[in-house]
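Structure record follows, encoded as structure tokens.
Keep in mind that the numbers below use all heavy atoms, side chains included, and drop hydrogens, waters and symmetry copies. For clarity, every value in this text was computed on a predicted model and none was experimentally measured.
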Amino acid sequence: MVVDKPTLIAMLDSAADLLLENADALTDIDSKFGDGDHGITIAKIAKCIKSGTAAWDDDDMNTFLDDLGMDIMGVRGGSAGPLYGTLVGGLGVELAEGEVGLDASGVKRMFSGCLSEMQDTTDAKVGDKTMMDALIPAVEAALSAPDDVHAILRAAADAARQGAADSEKFASKYGRARSYGDATIGTPDAGALSTSLFFEGFARGAGA
């Protein structure tokens with residue numbers, strides 16, 4: 001399988017749809033120890049993604065993802081806009097100019113670039129109860145998966161889901177939730193959950 005433009009559009013739209021479906025649940029979780037606006041902002045990001053895919057013209061994947069990431073960075077509502085803008089834009093940083101079809105190697109480069117860009121933005125690691133609890137395992141699983149597009153996307157989605165579930169075990173070390181310390185143990189991180197939903201939708205959109 002090769003991820004071409006229609007497939008990437010389907011992947012991004014599927015991710016956006018899943019985020020929209022779960023926006024209220026994400027807000028409920030975030031309201032326990034955070035600002036209570038994560039789901040609201042995620043819904044705005046999801047709509048931004050869908051607007052971007054609908055307007056995609058002749059740009060190659062690198063340019064499109066970079067532009068989409070910049071648009072998402074402009075979404076207002078705390079740190080989610082800049083972080084998701086970095087995540088989505090990062091999907092394109094290791095793609096070549098003019099690249100319009102991705103084999104397994106290309107899909108792995110998408111994941112690698114995404115993590116690299118995020119690690120330039122945050123020092124958060126697995127165990128810090130942030131979106132990185134889902135993103136880092138997702139990328140590690142993608143890069144170690146067999147060279148098959150479906151296998152890569154499914155491995156990433158499954159690892160992200162497990163990482164988000166595991167975030168329940170940790171005490172928050174970033175953001176407003178940090179002030180609650182050990183009281184946050186037992187509640188998953190909203191950012192980790194939304195990241196896992198993004199990668200689940202990403203995989204489903206490709207039929208993985």
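For S172 (side chain) and R178 (main-chain N/O), no donor-acceptor pair under 3.5 Å exists by modelled atom type. K108 contributes a side-chain N or O that, together with a main-chain N or O of A145, makes up a donor-acceptor pair within less than 3.5 Å. Although no hydrogens or angles enter the test, the distance criterion places no donor-acceptor pair under 3.5 Å between the side chain of D30 and the main chain of L26. One N or O on the side chain of K129 and one on the backbone of S167 form a donor-acceptor pair closer than 3.5 Å. At distances below 3.5 Å, at least one donor-acceptor pair connects side-chain atoms of D133 with backbone N or O atoms of G127.
Between D4 and T7, the side chains place a donor N or O and an acceptor N or O closer than 3.5 Å (distance only, hydrogens not considered). Neither side chain, Y84 nor T41, offers a donor N or O lying under 3.5 Å from an acceptor on the other. For D166 and Q162, the side-chain atoms include at least one donor-acceptor pair closer than 3.5 Å.
The shortest side-chain heavy-atom distance between R154 and E200 falls under the 4.5 Å cut-off. When side chains are defined from C-beta on, Y174 counts as touching D123, because their heavy atoms get closer than 4.5 Å. Contact annotation: the side chain of L115 approaches that of M132 to within less than 4.5 Å [non-hydrogen atoms, C-beta and beyond]. In this structure, the side chains of V139 and M118 stay at 4.5 Å or more apart for every pair of heavy atoms. Residues L8 and K5 have side chains not in contact (no heavy-atom distance under 4.5 Å, counting atoms from C-beta outward). Using a 4.5 Å heavy-atom threshold, the side chains of L87 and E117 count as separate. Counting heavy atoms from C-beta outward, M11 and L153 have side chains that approach closer than 4.5 Å. Proximity of L83 to T130: side-chain heavy atoms (C-beta onward) are nowhere separated by under 4.5 Å.
Residues V126 and L193 share a hydrophobic cluster, clusters being chains of Ile/Leu/Val/Met/Phe/Trp/Tyr side chains in contact below 4.5 Å. Hydrophobic clustering (side-chain heavy atoms under 4.5 Å, transitive across Ile, Leu, Val, Met, Phe, Trp, Tyr) groups I9 together with I45. With hydrophobic clusters built from ILVMFWY side chains whose heavy atoms lie under 4.5 angstrom apart, M131 does not share a cluster with Y180. Linking ILVMFWY side-chain heavy atoms closer than 4.5 Å, directly or via other members, places L68 and W56 in a single hydrophobic cluster. Following chains of ILVMFWY side-chain contacts shorter than 4.5 Å, one cannot reach V107 starting from V93, and the two form parts of different hydrophobic clusters.
Among all heavy-atom pairs drawn from N62 and L95, the shortest one is ND2-O, 3.0 Å. In plain terms, the two heavy atoms of F33 and A183 that are nearest each other are CZ-O, 3.2 Å.
More than 12 heavy-atom neighbours from other residues, nucleotides or ligands sit within 6.0 angstrom of CG on D120.
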>> Test side-chain contact (heavy atoms from CB on, under 4.5 Å) on D17 and K50; report intermediate values, then the result.
In response: CA-CA 9 Å; D17 288 340; K50 291 182 76 71; 2.9 Å; yes
>> Evaluate L12 against F64 for side-chain contact (heavy atoms from CB on, under 4.5 Å), listing each step before the verdict.
In response: CA-CA 12 Å; L12 288 166; F64 168 71; 3.7 Å; yes
> Passes side-chain contact (heavy atoms from CB on, under 4.5 Å), E99 versus D60? Steps please.
Replying inline: CA-CA 6 Å; E99 198 163 7; D60 60 19; 5.8 Å; no
>> What verdict does the side-chain contact (heavy atoms from CB on, under 4.5 Å) test give for K44 and I72, after you've listed the backbone C-alpha separation in whole Å, the side-chain angles of each residue and the deciding distance to 0.1 Å?
In response: CA-CA 9 Å; K44 295 178 184 176; I72 294 170; over 6 Å; no
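Taking the six-membered ring for Trp and thresholds of 30 and 60 degrees, F198 and F202 have nearly parallel ring planes, at less than 30 degrees apart.
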